[in-house]
Amino acid sequence: MSRRRRILLVAISLLVILPIAFVVFVVTFDWNRAKPWVQARASTALGRSVEIGGELTSSWHWRTQLDDESTFAPGFGFTAHAVRIGNPDWAKRPRFADFESIDLDLRFLPLLWHRLDIPRVRVVRPSLDLEQRKDASNNWTFAAADKDAASSAWAVDIGEIAFDTGEVAVTDAARALDVRATITRLDAPVPFGQRVEGDDPSTRREVIQRVGRAAAERLRDAAKERAEHAVERGRERKPPPPYVFAWKASGTMHGEKVTGEGRFGGVFSLRNPQPFPVRADIDVGATEIALTGTITDPTSPDALDMRLWITGPNLARLYGITGIALPNTPPYATVGRLAGRFHPRRSLLRYEDFTARVGGSDLAGTLTYRTEGERPTLTGEVDSTLLQVRDLGAVIGIGSPEERAARGDTTPQAANRVLPSEPFNVDHWKAMDADVRFTGKRVMRTRELPINDVETRIRMQSGVLTLEPLRFGMAGGNVGSSIRIDGNATPPKGVMSLDARGLKLRRLFEKVDGLVDSIGEVSGDVKLAGSGKSLGALLGSSDGALRLLMTEGQISETLMEEAGLNFANVLVAKMRGDQLIRINCAAAAFTMENGVAKADLFVFDTENALVEVDGTIDLGNERIDLTLHPRTKGLRIFSLRSPLHAQGNFEHVDISVDKKSLLARGGGAIGLGLIAAPLAALVPLIAPGNDGEQKSCTPLVTELKKGGAQPSRAAPPAKKRATTAKDDASAKARES
């Protein structure tokens, strides 16, 4: 035999003998002697202490059980008994996990390429303690203690994780969560989606009853369409495997009792993602959550595919559970599809095609929640097919004590207060950003607040809440507005503006008999800026202006005659029956300073009287102090024309006669004392080209100009004196 052949034969022998020798060595070696080395290497790789309290054994196999099938995969089997993994130094408990044993398969050939190919890991009787701090750091995220070792470490590829009975404790400081769960094996596997005796679908049933069975059918149809599209793209997934284990949990969250139960599968596949079935029914205080669906690869954009049912007293209370800031609402119920991936720092979750019943309103849409960046972000679009105006009151804290109690609002409304006193929850505003478009297609209005179509864009950015634009129809007209509240200021600062055009009197005052047949319209502008911890406090400290113009209204003749104290004419009106008289025009201009609105101009002109109103409306103290000065037109028999006082709080206003003026005067004209500036401020409210509005207001404008030249009530007439050349020069200078 030639030397070349002998060298080739030796090389082939070595290639055959060495692997066999290596296998024999691994299988026959007493690995208990190597436990210190194994523990040290594992501790370095995980950055935690790892102890093996029991035996460490090995074996050889030609095939492995994978995806419930026996697969040819020659390799080693290792079993470590009594494995304990430590916690970081900050953790409250000493250990992260205790395992009765950990079994893993290790393929032989990939070792030649410096790769640990582990087709299957099985944990036996695990006991896990999962902890998370307020800064979102947790004890289940591992980092190698030696960066150099980590960079040169072998690549690790895990195929499946098989579960077993055990216990899991979860502590989350951010949500004040402390829950323990027990995992048990079912007597027999339960097919996915099959109901078994003992199931209590009360949450699902309640939600479907409130949102309508059509909502569940739409979700079911959408799921079928997704499955059909997957088949067309050649990505059809296997049907979910059966449930193998059951779990039960109990504990507390933010001081409220937490209970839950459900089922899940037996093997979680990482390498070749397959649906992993999950079912859960969880109660957190008065909030009930149910979900059923599958999980695949956590790194996949569609790892979650679940149907989600939620019902509770107030959407805002979901913040403590999910970390998503939502507004205060009446009791609600919702169902939709939860899809996406979940990761503590890179989550992307979509609540798709959801339907909700909030109070008496219907909502639908899709919302997306991301945790990338400095703060989580909520985006999406929400439509309302049926919106009850009274449900909007909960968003800003308005409602009766019964309604506030129903949504779990424990903040008491201040006594004898009408404006909302519920504080802004600026901590929630700063916790996340949002950009959501809302449309209310059909609004069920009330007689007091005749609102229809609502459209707005709600944004939260770094603690600043804006609703811009905020548009809606009201009483046959249109209202455009915007709201901006900066939660970073102490107290929060707000800026609000509102432009109302063409509001119909007959629809605006449907409960007022004297105005129900009016054909007139109302237009106005409001601009306010203030600061406060609640909406009521913000309005009570605001500065700004209010302008209002009304045309072509109608009002009770008797009411107007009583306002002018025309006793004989009141008697005549009552004898012949009360009639409606025309309001030609009404105008108001208020200046707001520190929450007090002062009437710079407030008059209305009717067929038989011109009435001027002065005084203040104090939003901070919720007080009204107005005086009505009537000036009758035409012949009035026995008319004293005494001023009327309207005084009181927002809940109750008293109307009384100015007795001092009544005794001191037998009649006479009252100078309007109006200045040009308030009148000029109303010019933008007169719509160009609206001849009817201009004509109806022209007599009032003329009258106001005449009255403006008369002496003011507040200042007595100046004494006349001879003018000089110096005075004339000063007057010309002022005119120029």
Legend entry - Which residues share a side-chain contact (heavy atoms from CB on, under 4.5 Å) with Asp427, sequence neighbours left out: Asn425
Legend entry - Those residues that, when tested against Tyr319, pass side-chain contact (heavy atoms from CB on, under 4.5 Å) (two or more places apart): Ala325, His428, Ala431
Legend entry - Between OG1 on residue Thr616 and NZ on residue Lys598, distance to nearest 0.5 Å: 9.0 Å
Inset, instruction - Just grab all the salt bridge (charged side-chain N to carboxylate O under 4.0 Å, His left out) pairs involving residues 465-476, residues at least two apart or on different chains. - result: Glu455-Arg471
Legend entry - Heavy-atom closest contact (Thr329 atom, Asn314 atom, distance): N-OD1, 2.9 Å
Legend entry - Nearest heavy atoms of Leu467 and Ile458, plus distance in Å: CG-CG1, 4.3 Å
Inset, instruction - Measure the spacing between CZ of Arg437 and CZ of Arg459 and express it to the nearest 0.5 Å. - result: 8.0 Å
Legend entry - Partner set under salt bridge (charged side-chain N to carboxylate O under 4.0 Å, His left out) for Arg457, not counting sequence neighbours: Asp435
Inset, instruction - For residues 356-365, pull every pair meeting side-chain hydrogen bond (donor to acceptor under 3.5 Å, both in side chains), keeping only residues two or more places apart or in separate chains. - result: Arg357-Asp362, Ser361-Asp391
Legend entry - Sequence-distant partners of Gln461, side-chain contact (heavy atoms from CB on, under 4.5 Å), two or more places apart: Arg375, Asp433
Legend entry - Shortest non-hydrogen contact between Asn328 and Ala316, atoms and distance: OD1-CB, 3.3 Å
Legend entry - Residue pairs fulfilling salt bridge (charged side-chain N to carboxylate O under 4.0 Å, His left out) with at least one residue in residues 481-497, sequence neighbours excluded: none
Legend entry - Least distance between heavy atoms, Gly620 atom then Asp618 atom: N-OD1, 3.0 Å
Legend entry - Flag side-chain contact, heavy atom, 4.5 Å: Met496 against Ser542: no
Inset, instruction - Please report the shortest heavy-atom distance between Gly502 and Ser523, naming the atom on each side. - result: N-OG, 3.2 Å
Inset, instruction - Locate the shortest heavy-atom distance separating Arg501 from Asp525; write the atom from each residue and the value. - result: NH1-OD1, 3.0 Å
Inset, instruction - Please name all residues satisfying side-chain contact (heavy atoms from CB on, under 4.5 Å) with Ala597, sequence neighbours left out, ordered by chain then number. - result: Phe590, Met592, Ile617
Inset, instruction - Please lay out, stage by stage, how Leu363 and Ser384 fare under the test side chain to side chain contact (heavy atoms under 4.5 Å, CB included). - result: CA-CA 4 Å; Leu363 302 176; Ser384 174; 3.7 Å; yes
Legend entry - Non-neighbouring partners of Thr456 that pass side-chain hydrogen bond (donor to acceptor under 3.5 Å, both in side chains), sequence neighbours left out: none
Legend entry - Non-hydrogen side-chain atoms of Thr334 and Val211 separated by less than 4.5 Å: no
Inset, instruction - Just jot down the ring pair (Phe, Tyr, Trp, His ring centres under 6.0 Å) partners of Phe354, sequence neighbours excluded, or say none. - result: Tyr351
Inset, instruction - Applying side-chain hydrogen bond (donor to acceptor under 3.5 Å, both in side chains), name anything that partners Thr466, two or more places apart in sequence or on another chain. - result: none
Pair up each side-chain donor or acceptor in residues 526-537 with any protein partner under 3.5 Å, not counting sequence neighbours, and list the distances.
unit_1: Ser534; atom_1: OG; unit_2: Ala537; atom_2: N; d: 3.2

